[in-house]
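Quick note on labels: first sequence line is chain A, next is B, and so on, each numbered from 1. Quantities reported herein were computed from a predicted structural model and do not represent experimental measurements.
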2 protein chains.
Amino acid sequence: MQAISPAAARHFPPAALAMRGPAAIPRRPAAEPGVRLRFAKGEAIYTEGDEAERFYRIVSGTVRICKMLHDGRRQIEAFHFARDIFGLERGDGHRFTAEAVDDVVVLAFRARGLEDLIRDDPDLGGELMTSLLSSLDRARDHLVLLGRKSAREKIAAFLLDIAERLSGDDHFELPMQRGDIADHLGLTIETVSRTLTRMARDGLIGLQACGRTVEILNRDGLTAADAG
Amino acid sequence: MQAISPAAARHFPPAALAMRGPAAIPRRPAAEPGVRLRFAKGEAIYTEGDEAERFYRIVSGTVRICKMLHDGRRQIEAFHFARDIFGLERGDGHRFTAEAVDDVVVLAFRARGLEDLIRDDPDLGGELMTSLLSSLDRARDHLVLLGRKSAREKIAAFLLDIAERLSGDDHFELPMQRGDIADHLGLTIETVSRTLTRMARDGLIGLQACGRTVEILNRDGLTAADAG
DNA sequence: CGGTCGGTTGAGTATGCTCAATCCACGTGG
DNA sequence: CCACGTGGATTGAGCATACTCAACCGACCG
């Protein structure tokens with residue numbers, strides 16, 4: 001359950017509505033290694049219902065994959081970072097929306113005729129299969145988190161995951177804002193904020209720069225705060 | 001949040017612990033169409049951590065894919081019915097457990113050397129890819145449900161989904177018990193029961209036979225009760 | 001007939017949500 | 001340089017949904 005009117009407003013930034021999609025995308029033959037595209041912060045890469053013509057590999061930046069319910073509630077299925085593949089879907093149309101969390105550069109590949117492509121290049125099939133299995137693994141773990149973990153456990157798991165994927169280090173900068181984290185973890189902005197603040201008070205993490213910069217101070221404690 | 005001691009007890013039926021795995025599985029060449037196996041109600045088909053040697057296609061029965069947290073909380077990632085493929089995972093080991101909800105018959109296929117198999121038979125690759133994409137779609141929709149829907153919306157969505165997959169009809173029998181539904185939808189047994197009872201009182205559904213037989217009486221109402 | 005298992009129902013509670021105020025950093029314009 | 005407005009984050013108070021604990025019911029089985 002989530003607010004209806006304020007949440008809806010929060011999820012339709014006027015900027016995002018104004019600049020939908022890049023002007024014209026040059027068509028290249030299928031064997032092409034991919035077309036380079038830029039998207040500004042907040043811009044939609046594709047929208048639910050769009051024809052699923054392309055899939056993407058991220059060169060730099062962060063992408064969120066999300067779905068909205070009609071009343072404005074939003075669920076962010078996943079965040080994707082550099083080198084991740086996204087946008088490959090069964091069927092003709094995209095069932096989710098992909099948006100740039102910050103400035104993003106991607107390589108776009110044609111999805112049509114993918115079967116033929118794989119027939120020609122079995123290694124590609126293997127790579128895509130691996131990428132799909134990886135997405136599926138991630139989605140499954142996230143199901144467990146959403147279905148059965150407390151707010152504190154969710155945040156702990158999220159921070160550990162992000163740290164690993166973003167830096168491998170214990171020090172990183174969150175590319176997304178509180179509302180994105182909330183909609184990813186099935187929480188509200190307020191609960192995310194409160195939980196982070198409390199974790200900082202407990203000495204598990206350090207927070208700087210508008211709460212965007214995070215440092216893991218007590219990795220064991222944070223791991224224990226997750227439920228595994 | 002979930003109970004700790006009672007829930008844990010509920011999830012370790014002595015029967016399931018007693019009879020782990022079928023005795024001996026005959027090894028056949030890779031091109032084999034699949035080895036037929038039977039599993040009794042409650043039996044584990046594979047357990048988290050097991051080597052992922054095989055994947056499966058269901059001939060008959062219902063399978064649940066689940067993960068337990070150490071304190072006994074459980075999340076059921078998915079239910080699978082006849083014709084569904086499950087058990088294909090990235091990496092060497094199963095990260096989830098598959099259990100027979102009722103008596104189950106499956107065909108088991110060797111997962112090792114799958115890349116070679118696909119190289120030999122590109123159609124198989126396509127079929128598996130489709131199956132994977134289908135699982136991913138399903139997992140993503142379920143993420144939205146778990147993260148952002150109310151108890152009533154969850155149950156409504158669940159019933160509509162099950163009806164479609166199980167019978168295509170508005171009349172069907174639930175193969176799983178309340179605890180399974182609860183752990184699939186991120187709820188408790190009591191909330192599932194109460195919500196179903198209320199839906200029956202509201203004339204949306206009919207319930208018979210220990211609440212196992214369900215009839216959809218008002219499909220529009222039920223669809224409206226979901227959030228889409 | 002007693003025991004168990006699965007399901008239902010009731011009463012009270014806690015976690016996380018809602019509503020609202022405040023704060024802070026930043027950018028803009030007088 | 002400072003006033004002002006804005007967007008994001010934080011904090012507080014009260015509340016609602018779903019959980020916990022517990023009793024009860026009905027079917028089935030030995």
Side-chain angles (χ1 to χ4, degrees), chain A residues 1-16 41-42 71-74 101-102 146-155 173-183 185-201 207-214, chain B residues 1-16 41-42 71-73 101-102 145-155 173-183 185-201 207-214:
Chain A
M1 276 97 310
Q2 182 96 340
I4 292 184
S5 26
R10 159 164 80 83
H11 292 134
F12 291 114
K41 175 176 177 169
D71 60 4
R73 282 175 286 175
R74 182 179 66 156
V101 170
D102 46 18
L146 289 175
R148 285 294 175 233
K149 293 190 182 180
S150 70
R152 191 176 171 89
E153 290 167 339
K154 285 175 176 181
I155 296 281
E173 181 137 353
L174 290 172
M176 73 292 287
Q177 55 194 51
R178 296 292 185 262
D180 288 329
I181 299 176
D183 286 346
L185 301 181
L187 299 171
T188 56
I189 292 182
E190 295 90 332
T191 300
V192 170
S193 179
R194 272 187 256 271
T195 307
L196 285 171
T197 305
R198 170 171 296 233
M199 282 179 169
R201 267 214 322 275
L207 288 174
Q208 294 114 36
C210 290
R212 284 304 186 94
T213 301
V214 179
Chain B
M1 294 318 44
Q2 182 95 340
I4 292 184
S5 28
R10 162 164 77 85
H11 292 134
F12 291 115
K41 175 174 177 172
D71 59 5
R73 282 176 286 175
V101 171
D102 46 17
L145 179 146
L146 288 176
R148 284 292 176 236
K149 293 190 180 178
S150 69
R152 192 177 171 86
E153 290 168 340
K154 285 176 176 180
I155 297 281
E173 181 137 351
L174 290 172
M176 73 291 286
Q177 55 193 52
R178 296 292 185 262
D180 289 329
I181 299 176
D183 287 346
L185 301 181
L187 300 170
T188 57
I189 292 182
E190 295 91 332
T191 300
V192 171
S193 178
R194 272 188 256 271
T195 307
L196 284 172
T197 304
R198 170 171 296 232
M199 282 180 168
R201 267 216 322 275
L207 288 175
Q208 296 112 36
C210 291
R212 284 303 186 94
T213 301
V214 179

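In terms of modelled atom types and a separation under 3.5 Å, the side chain of K41(B) and the main chain of V101(B) share no donor-acceptor contact. The closest donor-acceptor contact from the side chain of R178(B) to the backbone of I189(B) lies at 3.5 Å or more, if one exists at all. Formation of a donor-acceptor pair under 3.5 Å by the T197(B) side chain with backbone atoms of S193(B) is found in this model.
In this structure, of dA9(D), dA18(D), dT8(C), it is dA18(D) that holds the atom nearest to the side chain of L187(B).
Shown here is R198(A), whose CZ atom has no more than 12 heavy atoms of other residues, nucleotides or ligands within 6.0 Å.
Atom CD in Q208(A) sits roughly 15 Å away from atom C1' in dA9(D) (whole-Å rounding). The distance between atom CG of L207(A) and atom C1' of dC24(C), rounded to the nearest whole Å, is 15 Å. Rounded to whole angstrom, the span from the NZ atom of K41(A) across to the P atom of dG7(D) amounts to 12 Å. Summarising the geometry, the separation between CG on L196(A) and P on dG16(C) is reported as 14 Å, rounded to the nearest angstrom. If you measure from atom CG of D180(A) to atom P of dG7(D), you get 16 Å, rounded to the nearest angstrom. In this structure, I155(A) atom CD1 and dT15(C) atom P are separated by 16 Å, rounded to whole Å. Following rounding to the nearest Å, L174(B) (CG) and dT8(C) (C1') show an atom-to-atom distance of 16 Å. As rounded to whole Å, 13 Å separates atom P of dT8(C) from atom CE of M199(B).
Here the shortest heavy-atom pairing between L185(A) and I155(A) reads CD1-CD1, 3.7 Å. Annotation for R148(A) and R73(B): closest pair O-NH1, 2.8 Å, computed over non-hydrogen atoms.
With a 4.5 Å cut-off on side-chain heavy atoms, M199(B) and R194(B) do not count as touching. Considering only heavy atoms from C-beta on, L207(B) comes within 4.5 Å of V214(B) through its side chain.
Using a 4.0 Å heavy-atom criterion, one finds that R212(A) contacts the sugar-phosphate atoms exclusively.
Sequence order on DNA chain D of the closest nucleotides to Q177(A) and R152(B) puts Q177(A) first from the 5' end.
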Annotated protein contacts, base or backbone, on nucleotides 25-30 of chain D with a non-hydrogen cut-off under 4.0 Å, one of B, S, - each = ------
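Every residue meeting the side chain to side chain contact (heavy atoms under 4.5 Å, CB included) condition with T191(B), not counting sequence neighbours, appears here in chain and number order: A151(B), L187(B), T188(B), T195(B).
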Using a cut-off of under 3.5 Å, enumerate the N/O to N/O pairs linking the protein to nucleotides 11-16 of chain D.
{"residue": "dT11(D)", "atom": "OP2", "partner": "T197(A)", "partner atom": "OG1", "Å": "2.9"}
{"residue": "dG12(D)", "atom": "N7", "partner": "R194(A)", "partner atom": "NH1", "Å": "2.7"}
{"residue": "dG12(D)", "atom": "O6", "partner": "R194(A)", "partner atom": "NH2", "Å": "3.2"}

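The side chain of T188(A) contributes no N or O atom lying less than 4.0 Å from OP1 or OP2 of dG16(C).
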